[in-house]
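Written out below as C-alpha coordinates is the structure these notes cover.
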Amino acid sequence: MIKRTAFFDMHVQNNGKMVPFAGFEMPVQFKGVIDEIKRVRSTVGVFDVSHMGEFIITGERRKEFVDYITTNSVASLEDHQVQYSNFLYENGGIVDDLLVYNLKDKIMLVVNASNCEKDFNWVMKNKWDDVNVENISDSISQLAVQGPVAEKVIAKLTSYPLEKMPFYYCAETKVCGIDMVISRTGYTGEDGFELYFYNENAKKMWDEIFKAGKEFDIEPIGLAARDTLRLEMRYMLYGNDITQDTTPLEAGTGWAVKMEKKDFIGRNALIKQKEDGLKRKLVCFEMLEKAIPRHGYEIFADDRKVGEVTSGNFSPSTEKYIGLGYVDSPFNKPGQDLFIEIRGKKKAVVVKPPFYKNATHK
Amino acid sequence: MNTPSNLKYTKTHEWVLIENNIATEGITDFAQSELSDIAFVELPEAGRKVAQGEAMGTIEAVKAVSDLVAALSGEIIEVNEALKNSPDKINTSAFGEGWIVKIKISNPDEAKNLMNADEYAKHCEESHH
(Lines give C-alpha, C1' and ligand atoms only; values in the text may rest on other atoms or scores of the structure.)
Protein backbone atom coordinates (compact mmCIF):
# COMPACT_ATOMS: atom_id res chain seq x y z
CA MET A 1 0.00 0.00 0.00
CA ILE A 2 1.27 3.43 -0.95
CA LYS A 3 1.90 5.77 1.98
CA ARG A 4 1.36 9.49 2.36
CA THR A 5 3.42 11.83 4.50
CA ALA A 6 1.78 14.20 6.98
CA PHE A 7 2.29 16.99 4.41
CA PHE A 8 0.26 15.38 1.61
CA ASP A 9 -2.59 17.93 1.81
CA MET A 10 -0.14 20.84 1.77
CA HIS A 11 1.50 19.49 -1.38
CA VAL A 12 -1.86 19.20 -3.13
CA GLN A 13 -2.82 22.74 -2.04
CA ASN A 14 0.47 23.98 -3.53
CA ASN A 15 -0.28 22.22 -6.85
CA GLY A 16 2.44 19.65 -6.27
CA LYS A 17 2.53 16.96 -8.93
CA MET A 18 2.29 13.77 -6.89
CA VAL A 19 4.11 10.63 -8.00
CA PRO A 20 4.89 7.29 -6.36
CA PHE A 21 8.42 7.25 -4.93
CA ALA A 22 9.90 4.65 -2.56
CA GLY A 23 6.44 3.56 -1.48
CA PHE A 24 5.18 7.10 -0.86
CA GLU A 25 3.11 9.57 -2.84
CA MET A 26 5.58 12.45 -3.10
CA PRO A 27 5.64 15.79 -4.94
CA VAL A 28 8.01 15.56 -7.92
CA GLN A 29 7.59 19.26 -8.71
CA PHE A 30 5.62 22.37 -7.84
CA LYS A 31 6.16 25.51 -9.96
CA GLY A 32 8.81 24.00 -12.21
CA VAL A 33 12.07 22.16 -11.67
CA ILE A 34 14.41 24.93 -12.84
CA ASP A 35 12.59 27.62 -10.85
CA GLU A 36 12.80 25.41 -7.75
CA ILE A 37 16.54 24.74 -8.20
CA LYS A 38 17.27 28.46 -8.62
CA ARG A 39 15.19 29.30 -5.56
CA VAL A 40 17.21 26.95 -3.33
CA ARG A 41 20.52 28.27 -4.72
CA SER A 42 19.51 31.93 -4.30
CA THR A 43 17.20 32.13 -1.28
CA VAL A 44 15.36 29.24 0.43
CA GLY A 45 13.11 26.25 -0.22
CA VAL A 46 11.41 23.54 1.83
CA PHE A 47 11.58 19.82 1.08
CA ASP A 48 9.27 17.22 2.60
CA VAL A 49 11.66 14.35 3.27
CA SER A 50 9.40 12.52 5.70
CA HIS A 51 9.75 9.39 3.60
CA MET A 52 13.29 8.97 4.97
CA GLY A 53 13.70 6.26 7.63
CA GLU A 54 14.80 6.81 11.25
CA PHE A 55 16.11 4.09 13.57
CA ILE A 56 16.84 4.73 17.25
CA ILE A 57 19.67 2.77 18.88
CA THR A 58 19.87 2.69 22.69
CA GLY A 59 21.89 0.78 25.27
CA GLU A 60 25.27 1.25 26.97
CA ARG A 61 27.20 -0.20 24.03
CA ARG A 62 25.26 1.63 21.27
CA LYS A 63 28.37 3.46 19.99
CA GLU A 64 30.40 0.25 19.76
CA PHE A 65 27.49 -1.44 17.97
CA VAL A 66 27.03 1.34 15.40
CA ASP A 67 30.80 1.38 14.91
CA TYR A 68 30.53 -2.31 14.03
CA ILE A 69 27.66 -1.94 11.50
CA THR A 70 28.86 1.29 9.82
CA THR A 71 32.06 2.29 8.03
CA ASN A 72 32.82 5.67 9.63
CA SER A 73 34.16 6.24 13.16
CA VAL A 74 31.36 6.54 15.73
CA ALA A 75 33.80 6.42 18.68
CA SER A 76 35.26 9.74 17.54
CA LEU A 77 31.89 11.56 17.39
CA GLU A 78 31.34 14.50 19.71
CA ASP A 79 28.00 15.02 21.44
CA HIS A 80 25.40 16.02 18.86
CA GLN A 81 27.73 15.55 15.93
CA VAL A 82 26.30 14.10 12.71
CA GLN A 83 28.21 11.82 10.36
CA TYR A 84 27.86 10.44 6.82
CA SER A 85 28.39 6.67 6.73
CA ASN A 86 27.56 3.37 5.02
CA PHE A 87 26.15 -0.02 5.89
CA LEU A 88 28.09 -2.68 3.93
CA TYR A 89 27.56 -6.31 3.09
CA GLU A 90 30.43 -8.68 3.94
CA ASN A 91 31.54 -8.46 0.28
CA GLY A 92 31.92 -4.67 0.53
CA GLY A 93 28.77 -3.85 -1.50
CA ILE A 94 26.68 -1.01 -0.08
CA VAL A 95 23.47 -1.86 1.81
CA ASP A 96 22.71 1.87 2.13
CA ASP A 97 24.29 5.21 2.87
CA LEU A 98 23.06 7.01 5.97
CA LEU A 99 23.53 9.74 8.56
CA VAL A 100 24.49 8.87 12.13
CA TYR A 101 23.23 11.32 14.80
CA ASN A 102 25.03 11.10 18.15
CA LEU A 103 22.14 12.28 20.36
CA LYS A 104 21.89 12.41 24.15
CA ASP A 105 21.51 8.82 25.44
CA LYS A 106 20.80 7.44 21.96
CA ILE A 107 21.93 7.27 18.36
CA MET A 108 19.60 8.06 15.46
CA LEU A 109 20.31 6.51 12.06
CA VAL A 110 18.67 8.22 9.07
CA VAL A 111 18.35 5.92 6.05
CA ASN A 112 16.96 6.11 2.53
CA ALA A 113 13.21 5.61 2.16
CA SER A 114 13.65 3.07 -0.62
CA ASN A 115 15.84 0.94 1.66
CA CYS A 116 14.13 1.45 5.00
CA GLU A 117 12.70 -2.04 5.41
CA LYS A 118 15.78 -3.78 3.96
CA ASP A 119 18.03 -1.73 6.26
CA PHE A 120 15.98 -2.46 9.35
CA ASN A 121 16.05 -6.20 8.67
CA TRP A 122 19.80 -6.00 8.06
CA VAL A 123 20.42 -4.07 11.30
CA MET A 124 18.27 -6.53 13.27
CA LYS A 125 20.12 -9.47 11.77
CA ASN A 126 23.41 -8.03 12.99
CA LYS A 127 22.06 -6.64 16.27
CA TRP A 128 23.81 -7.30 19.57
CA ASP A 129 21.81 -8.62 22.53
CA ASP A 130 22.63 -5.64 24.73
CA VAL A 131 21.43 -2.87 22.39
CA ASN A 132 17.90 -1.91 21.38
CA VAL A 133 16.88 -0.90 17.88
CA GLU A 134 13.58 0.79 17.11
CA ASN A 135 12.25 1.81 13.69
CA ILE A 136 10.35 5.07 14.34
CA SER A 137 10.08 6.06 10.66
CA ASP A 138 6.27 5.97 10.54
CA SER A 139 5.85 8.44 13.39
CA ILE A 140 8.49 10.97 12.31
CA SER A 141 8.07 13.84 9.87
CA GLN A 142 11.11 15.50 8.36
CA LEU A 143 11.49 18.84 6.61
CA ALA A 144 14.68 20.13 5.00
CA VAL A 145 14.90 23.93 4.85
CA GLN A 146 17.70 24.70 2.41
CA GLY A 147 19.20 27.83 0.92
CA PRO A 148 21.54 30.72 1.73
CA VAL A 149 18.94 32.38 4.01
CA ALA A 150 17.74 29.18 5.73
CA GLU A 151 19.24 30.25 9.06
CA LYS A 152 17.35 33.57 8.97
CA VAL A 153 14.08 31.69 8.52
CA ILE A 154 14.57 29.12 11.29
CA ALA A 155 16.12 31.67 13.69
CA LYS A 156 12.72 33.40 13.84
CA LEU A 157 11.18 30.22 15.22
CA THR A 158 13.64 29.18 17.93
CA SER A 159 15.68 30.65 20.76
CA TYR A 160 18.42 28.10 20.09
CA PRO A 161 21.62 29.88 18.89
CA LEU A 162 21.71 28.42 15.35
CA GLU A 163 24.68 30.59 14.41
CA LYS A 164 26.74 28.46 16.80
CA MET A 165 25.72 25.16 15.19
CA PRO A 166 28.52 24.00 12.87
CA PHE A 167 27.93 22.05 9.65
CA TYR A 168 27.06 18.42 10.48
CA TYR A 169 26.04 19.09 14.08
CA CYS A 170 22.57 18.95 15.60
CA ALA A 171 20.55 19.93 18.67
CA GLU A 172 17.64 18.45 20.58
CA THR A 173 15.66 21.61 21.17
CA LYS A 174 12.36 23.36 20.51
CA VAL A 175 11.37 25.08 17.28
CA CYS A 176 7.92 26.77 17.37
CA GLY A 177 7.64 25.27 20.86
CA ILE A 178 7.83 21.77 19.38
CA ASP A 179 10.44 19.25 20.55
CA MET A 180 12.67 18.13 17.72
CA VAL A 181 16.07 17.19 16.43
CA ILE A 182 17.45 19.91 14.17
CA SER A 183 20.71 19.48 12.28
CA ARG A 184 22.78 21.69 10.00
CA THR A 185 22.74 19.17 7.15
CA GLY A 186 21.21 18.73 3.73
CA TYR A 187 21.41 17.26 0.25
CA THR A 188 21.70 20.46 -1.78
CA GLY A 189 25.09 21.99 -1.00
CA GLU A 190 23.45 25.12 0.38
CA ASP A 191 23.38 26.11 4.01
CA GLY A 192 20.33 24.65 5.67
CA PHE A 193 18.72 22.53 8.31
CA GLU A 194 16.89 19.25 8.60
CA LEU A 195 14.15 19.05 11.22
CA TYR A 196 12.80 15.81 12.69
CA PHE A 197 9.58 15.87 14.74
CA TYR A 198 6.47 13.82 15.46
CA ASN A 199 3.80 13.70 12.74
CA GLU A 200 1.19 15.41 14.91
CA ASN A 201 3.18 18.67 14.67
CA ALA A 202 3.46 18.60 10.89
CA LYS A 203 0.83 21.18 10.00
CA LYS A 204 2.00 23.68 12.61
CA MET A 205 5.65 23.37 11.51
CA TRP A 206 4.77 23.74 7.83
CA ASP A 207 2.63 26.84 8.44
CA GLU A 208 5.17 28.51 10.74
CA ILE A 209 8.11 27.89 8.39
CA PHE A 210 6.21 29.32 5.42
CA LYS A 211 5.11 32.32 7.48
CA ALA A 212 8.70 32.96 8.62
CA GLY A 213 10.05 32.47 5.11
CA LYS A 214 7.49 34.60 3.27
CA GLU A 215 9.76 37.67 3.12
CA PHE A 216 12.42 35.46 1.44
CA ASP A 217 9.99 34.02 -1.16
CA ILE A 218 10.12 30.57 0.41
CA GLU A 219 8.42 27.83 -1.65
CA PRO A 220 8.04 24.05 -1.45
CA ILE A 221 10.52 22.11 -3.60
CA GLY A 222 9.92 18.76 -5.29
CA LEU A 223 11.95 15.59 -5.72
CA ALA A 224 13.10 16.42 -9.26
CA ALA A 225 14.81 19.63 -8.13
CA ARG A 226 16.29 17.77 -5.15
CA ASP A 227 17.78 15.21 -7.53
CA THR A 228 19.53 17.85 -9.65
CA LEU A 229 20.67 19.91 -6.64
CA ARG A 230 22.38 16.86 -5.19
CA LEU A 231 23.86 15.89 -8.56
CA GLU A 232 25.38 19.39 -8.98
CA MET A 233 27.25 18.70 -5.70
CA ARG A 234 28.17 15.12 -6.68
CA TYR A 235 26.16 13.77 -3.75
CA MET A 236 25.24 10.19 -4.57
CA LEU A 237 21.80 8.62 -4.77
CA TYR A 238 21.38 5.03 -3.61
CA GLY A 239 20.00 2.86 -6.41
CA ASN A 240 21.65 5.07 -9.07
CA ASP A 241 25.23 5.89 -8.11
CA ILE A 242 25.75 3.41 -5.30
CA THR A 243 24.22 -0.06 -5.00
CA GLN A 244 24.91 -3.47 -3.52
CA ASP A 245 27.31 -3.95 -6.46
CA THR A 246 29.49 -0.90 -5.70
CA THR A 247 31.81 -0.18 -2.77
CA PRO A 248 32.55 3.14 -1.03
CA LEU A 249 36.12 2.99 -2.38
CA GLU A 250 34.84 2.87 -5.96
CA ALA A 251 32.25 5.55 -5.18
CA GLY A 252 34.91 7.91 -3.83
CA THR A 253 33.61 7.95 -0.26
CA GLY A 254 36.68 6.26 1.21
CA TRP A 255 36.86 9.27 3.58
CA ALA A 256 33.79 7.82 5.32
CA VAL A 257 35.49 4.42 5.74
CA LYS A 258 37.84 4.11 8.70
CA MET A 259 39.98 1.05 7.98
CA GLU A 260 41.84 1.60 11.26
CA LYS A 261 38.72 0.50 13.17
CA LYS A 262 39.46 -3.04 14.31
CA ASP A 263 36.22 -4.46 12.92
CA PHE A 264 33.19 -3.46 10.90
CA ILE A 265 31.03 -5.43 8.49
CA GLY A 266 32.65 -5.38 5.03
CA ARG A 267 36.12 -4.37 6.26
CA ASN A 268 37.94 -7.46 4.97
CA ALA A 269 36.49 -7.06 1.48
CA LEU A 270 37.55 -3.42 1.33
CA ILE A 271 41.07 -4.21 2.51
CA LYS A 272 41.35 -6.73 -0.30
CA GLN A 273 39.91 -4.32 -2.86
CA LYS A 274 42.43 -1.69 -1.78
CA GLU A 275 45.32 -4.17 -2.07
CA ASP A 276 44.21 -5.34 -5.51
CA GLY A 277 43.78 -1.75 -6.74
CA LEU A 278 40.54 -0.14 -7.88
CA LYS A 279 39.38 -1.29 -11.30
CA ARG A 280 36.86 1.54 -11.70
CA LYS A 281 35.83 4.78 -10.04
CA LEU A 282 32.77 7.00 -9.99
CA VAL A 283 33.65 10.12 -11.94
CA CYS A 284 32.06 13.47 -12.71
CA PHE A 285 31.84 14.37 -16.38
CA GLU A 286 30.58 17.35 -18.35
CA MET A 287 29.16 17.07 -21.84
CA LEU A 288 31.02 18.99 -24.52
CA GLU A 289 28.03 18.59 -26.82
CA LYS A 290 24.43 19.46 -26.09
CA ALA A 291 22.89 16.19 -24.86
CA ILE A 292 21.56 14.91 -21.54
CA PRO A 293 23.31 11.81 -20.19
CA ARG A 294 20.95 9.51 -18.30
CA HIS A 295 21.17 6.45 -16.03
CA GLY A 296 22.32 3.36 -17.94
CA TYR A 297 23.82 5.12 -20.99
CA GLU A 298 27.15 3.62 -22.10
CA ILE A 299 30.50 5.43 -21.73
CA PHE A 300 33.32 4.95 -24.26
CA ALA A 301 37.02 5.87 -24.47
CA ASP A 302 39.47 4.79 -27.15
CA ASP A 303 36.59 3.12 -29.03
CA ARG A 304 35.78 0.68 -26.27
CA LYS A 305 33.15 0.63 -23.57
CA VAL A 306 34.67 1.77 -20.27
CA GLY A 307 31.61 2.36 -18.12
CA GLU A 308 28.01 3.43 -17.65
CA VAL A 309 26.24 6.61 -16.60
CA THR A 310 24.65 6.37 -13.13
CA SER A 311 23.05 9.86 -12.96
CA GLY A 312 22.87 12.78 -15.35
CA ASN A 313 20.88 15.86 -16.20
CA PHE A 314 20.87 19.45 -17.28
CA SER A 315 22.38 21.56 -14.49
CA PRO A 316 20.68 24.97 -14.36
CA SER A 317 23.19 26.28 -11.79
CA THR A 318 26.17 25.73 -14.13
CA GLU A 319 24.20 25.75 -17.41
CA LYS A 320 25.95 22.53 -18.36
CA TYR A 321 24.91 18.96 -19.10
CA ILE A 322 26.48 16.87 -16.35
CA GLY A 323 26.68 13.29 -15.18
CA LEU A 324 28.21 10.68 -12.92
CA GLY A 325 29.32 7.24 -13.97
CA TYR A 326 31.66 4.38 -13.12
CA VAL A 327 34.62 4.44 -15.49
CA ASP A 328 37.35 1.80 -15.74
CA SER A 329 40.95 2.64 -14.89
CA PRO A 330 42.92 4.37 -16.36
CA PHE A 331 40.19 6.41 -18.10
CA ASN A 332 38.86 8.03 -14.92
CA LYS A 333 41.23 10.95 -14.31
CA PRO A 334 40.21 14.62 -14.69
CA GLY A 335 40.78 15.81 -18.27
CA GLN A 336 40.10 12.37 -19.79
CA ASP A 337 38.02 12.57 -22.98
CA LEU A 338 34.96 10.32 -22.99
CA PHE A 339 32.08 9.63 -25.35
CA ILE A 340 28.56 9.00 -24.07
CA GLU A 341 26.16 7.02 -26.27
CA ILE A 342 23.21 9.46 -26.59
CA ARG A 343 21.68 8.95 -30.06
CA GLY A 344 25.24 8.59 -31.33
CA LYS A 345 28.49 9.15 -29.46
CA LYS A 346 28.61 12.59 -27.84
CA LYS A 347 31.80 14.13 -26.43
CA ALA A 348 32.33 14.55 -22.69
CA VAL A 349 35.27 15.15 -20.36
CA VAL A 350 36.04 13.98 -16.82
CA VAL A 351 36.03 16.93 -14.37
CA LYS A 352 36.81 17.45 -10.68
CA PRO A 353 33.88 17.57 -8.24
CA PRO A 354 31.71 19.36 -7.38
CA PHE A 355 30.08 20.64 -10.58
CA TYR A 356 28.65 23.65 -8.75
CA LYS A 357 31.36 25.47 -6.83
CA ASN A 358 29.49 28.43 -5.26
CA ALA A 359 27.37 26.51 -2.75
CA THR A 360 26.90 28.17 0.66
CA HIS A 361 27.10 25.17 3.02
CA LYS A 362 29.17 25.84 6.12
CA MET B 1 -5.99 19.85 -19.17
CA ASN B 2 -6.07 22.26 -22.09
CA THR B 3 -7.01 20.61 -25.45
CA PRO B 4 -8.09 23.20 -28.03
CA SER B 5 -10.92 21.90 -30.23
CA ASN B 6 -9.54 23.33 -33.51
CA LEU B 7 -6.51 21.00 -33.37
CA LYS B 8 -5.90 17.34 -34.21
CA TYR B 9 -3.84 15.08 -31.94
CA THR B 10 -1.55 12.04 -32.07
CA LYS B 11 -1.33 9.20 -29.56
CA THR B 12 2.26 10.31 -28.89
CA HIS B 13 0.99 13.73 -27.70
CA GLU B 14 1.71 15.97 -30.68
CA TRP B 15 -0.87 18.50 -31.90
CA VAL B 16 -1.36 19.83 -35.42
CA LEU B 17 -3.20 22.83 -36.77
CA ILE B 18 -4.12 22.15 -40.42
CA GLU B 19 -4.58 25.29 -42.56
CA ASN B 20 -4.32 25.49 -46.36
CA ASN B 21 -2.54 22.14 -46.57
CA ILE B 22 0.12 23.28 -44.06
CA ALA B 23 0.32 21.49 -40.71
CA THR B 24 1.78 23.42 -37.78
CA GLU B 25 2.92 20.87 -35.22
CA GLY B 26 3.94 20.99 -31.57
CA ILE B 27 3.60 18.90 -28.43
CA THR B 28 0.55 19.19 -26.22
CA ASP B 29 0.12 20.86 -22.87
CA PHE B 30 -0.25 17.37 -21.36
CA ALA B 31 3.09 16.31 -22.92
CA GLN B 32 5.02 19.35 -21.70
CA SER B 33 3.57 18.90 -18.24
CA GLU B 34 4.56 15.22 -18.15
CA LEU B 35 8.06 15.96 -19.45
CA SER B 36 8.64 18.91 -17.04
CA ASP B 37 11.12 21.70 -17.89
CA ILE B 38 12.42 21.30 -21.44
CA ALA B 39 16.20 21.72 -21.68
CA PHE B 40 16.47 21.68 -25.46
CA VAL B 41 14.91 20.44 -28.67
CA GLU B 42 16.79 18.71 -31.48
CA LEU B 43 14.92 20.17 -34.43
CA PRO B 44 14.75 18.55 -37.87
CA GLU B 45 16.06 20.58 -40.83
CA ALA B 46 13.77 22.45 -43.15
CA GLY B 47 13.48 20.61 -46.47
CA ARG B 48 13.44 17.15 -44.89
CA LYS B 49 10.66 14.82 -46.02
CA VAL B 50 8.95 12.94 -43.20
CA ALA B 51 6.36 10.18 -43.04
CA GLN B 52 3.46 10.08 -40.61
CA GLY B 53 4.64 8.41 -37.40
CA GLU B 54 8.35 9.01 -38.11
CA ALA B 55 10.60 10.32 -35.31
CA MET B 56 11.86 13.61 -36.73
CA GLY B 57 13.30 15.29 -33.62
CA THR B 58 14.03 14.89 -29.95
CA ILE B 59 12.77 16.74 -26.92
CA GLU B 60 15.15 16.63 -23.96
CA ALA B 61 13.46 17.58 -20.70
CA VAL B 62 14.84 17.62 -17.20
CA LYS B 63 12.81 14.54 -16.34
CA ALA B 64 12.80 12.52 -19.56
CA VAL B 65 13.61 12.39 -23.25
CA SER B 66 10.92 12.08 -25.88
CA ASP B 67 10.80 11.70 -29.66
CA LEU B 68 9.03 14.31 -31.73
CA VAL B 69 6.89 12.30 -34.13
CA ALA B 70 5.58 13.59 -37.47
CA ALA B 71 1.79 13.84 -37.20
CA LEU B 72 1.41 13.87 -40.98
CA SER B 73 3.56 13.01 -44.02
CA GLY B 74 5.09 15.84 -46.00
CA GLU B 75 7.99 18.22 -46.27
CA ILE B 76 9.22 20.35 -43.38
CA ILE B 77 9.07 23.91 -44.62
CA GLU B 78 9.85 25.78 -41.41
CA VAL B 79 11.16 25.07 -37.90
CA ASN B 80 10.68 27.32 -34.88
CA GLU B 81 14.18 28.81 -34.55
CA ALA B 82 13.17 30.60 -31.34
CA LEU B 83 13.20 27.25 -29.54
CA LYS B 84 16.98 26.99 -29.97
CA ASN B 85 17.48 29.69 -27.35
CA SER B 86 14.16 29.43 -25.52
CA PRO B 87 12.98 25.82 -25.40
CA ASP B 88 10.91 26.82 -22.36
CA LYS B 89 8.40 28.39 -24.78
CA ILE B 90 7.06 24.84 -25.11
CA ASN B 91 6.41 24.76 -21.36
CA THR B 92 4.85 28.20 -21.21
CA SER B 93 2.91 28.13 -24.49
CA ALA B 94 2.65 24.58 -25.85
CA PHE B 95 -0.10 25.46 -28.37
CA GLY B 96 1.22 28.93 -29.27
CA GLU B 97 4.79 30.25 -29.28
CA GLY B 98 5.98 26.72 -28.50
CA TRP B 99 5.05 25.35 -31.96
CA ILE B 100 7.90 23.26 -33.37
CA VAL B 101 7.63 22.67 -37.15
CA LYS B 102 5.46 23.44 -40.17
CA ILE B 103 4.91 20.59 -42.63
CA LYS B 104 3.61 20.91 -46.20
CA ILE B 105 1.16 18.00 -46.22
CA SER B 106 1.65 15.40 -48.97
CA ASN B 107 -1.22 13.09 -48.04
CA PRO B 108 -4.22 14.95 -46.56
CA ASP B 109 -6.16 11.68 -46.07
CA GLU B 110 -3.85 10.73 -43.22
CA ALA B 111 -5.60 13.31 -41.04
CA LYS B 112 -8.26 10.65 -40.42
CA ASN B 113 -5.67 8.75 -38.34
CA LEU B 114 -5.52 11.66 -35.87
CA MET B 115 -7.72 12.25 -32.84
CA ASN B 116 -10.04 15.15 -32.19
CA ALA B 117 -9.89 17.08 -28.91
CA ASP B 118 -12.44 14.92 -27.08
CA GLU B 119 -10.76 11.68 -28.12
CA TYR B 120 -7.39 13.08 -27.13
CA ALA B 121 -8.61 14.24 -23.72
CA LYS B 122 -9.84 10.70 -23.12
CA HIS B 123 -6.50 9.30 -24.32
CA CYS B 124 -4.67 11.50 -21.76
CA GLU B 125 -6.94 10.34 -19.00
CA GLU B 126 -6.06 6.73 -19.86
CA SER B 127 -2.33 7.52 -20.07
CA HIS B 128 -2.52 8.82 -16.52
CA HIS B 129 -3.67 5.48 -15.08
Side-chain angles (χ1 to χ4, degrees), chain A residues 2 15-21 25-40 221-232 237 240 286-297 309 311-323 340-344 346, chain B residues 1-2 12-13 27-45 48 50 54-70 79-98 100-101 124-129:
Chain A
I2 192 151
N15 297 315
K17 191 160 150 192
M18 306 306 289
V19 299
F21 178 81
E25 264 186 283
M26 298 300 287
V28 67
Q29 71 168 71
F30 292 90
K31 282 194 168 164
V33 182
I34 294 174
D35 176 276
E36 291 165 37
I37 292 167
K38 290 189 169 166
R39 192 174 303 273
V40 173
I221 311 293
L223 289 176
R226 179 171 161 85
D227 188 48
T228 295
L229 286 159
R230 67 94 192 163
L231 177 62
E232 290 180 334
L237 174 64
N240 276 39
E286 274 174 19
M287 300 304 301
L288 301 175
E289 295 181 66
K290 208 170 177 182
I292 299 184
R294 297 183 195 271
H295 183 80
Y297 287 9
V309 176
S311 288
N313 217 325
F314 170 64
S315 155
S317 310
T318 62
E319 297 194 324
K320 286 176 177 161
Y321 299 88
I322 63 172
I340 317 293
E341 179 65 44
I342 311 173
R343 302 183 298 281
K346 302 280 162 64
Chain B
M1 194 57 58
N2 187 12
T12 46
H13 304 286
I27 65 165
T28 65
D29 198 34
F30 177 84
Q32 71 77 18
S33 152
E34 288 292 297
L35 283 168
S36 78
D37 295 10
I38 290 165
F40 66 90
V41 186
E42 283 182 6
L43 295 163
E45 303 229 333
R48 176 171 157 189
V50 293
E54 179 184 333
M56 59 177 175
T58 308
I59 297 163
E60 281 275 16
V62 163
K63 219 169 82 187
V65 59
S66 173
D67 281 335
L68 176 69
V69 171
V79 298
N80 186 356
E81 298 288 338
L83 298 179
K84 288 185 177 165
N85 287 323
S86 307
D88 56 307
K89 284 186 194 295
I90 296 175
N91 292 116
T92 53
S93 176
F95 296 116
E97 286 186 359
I100 301 173
V101 294
C124 291
E125 197 111 309
E126 283 158 8
S127 315
H128 243 324
H129 297 298

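Order of the sequence lines fixes the chain letters, A, B, ..., with proteins taken first and strands second; residue numbering starts at 1 for each chain.
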Polar contacts chain B-chain A (donor-acceptor, d < 3.5 Å, no H, no angle):
unit_1	atom_1	unit_2	atom_2	d
Ser33(B)	O	Lys17(A)	NZ	2.3
Asp37(B)	OD2	Val33(A)	N	3.3
Asp37(B)	OD2	Ile34(A)	N	2.6
Glu42(B)	OE1	Arg343(A)	NE	3.4
Glu42(B)	OE2	Arg343(A)	NH2	2.9
Glu60(B)	OE1	Arg294(A)	NE	3.4
Glu60(B)	OE1	Arg294(A)	NH2	2.5
Glu60(B)	OE2	Arg343(A)	NH1	3.1
Glu60(B)	OE2	Arg343(A)	NH2	3.3
Ala61(B)	O	Arg294(A)	NH2	2.7
Val62(B)	O	Asn313(A)	ND2	2.9
Ala64(B)	O	Arg294(A)	NH2	3.2

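Here the closest non-hydrogen pair linking Ile292(A) and Ala39(B) is CD1-CB, 3.9 Å.
Only the side chain of Ile342(A) comes within contact range of chain B, judged by heavy atoms closer than 4.5 Å.
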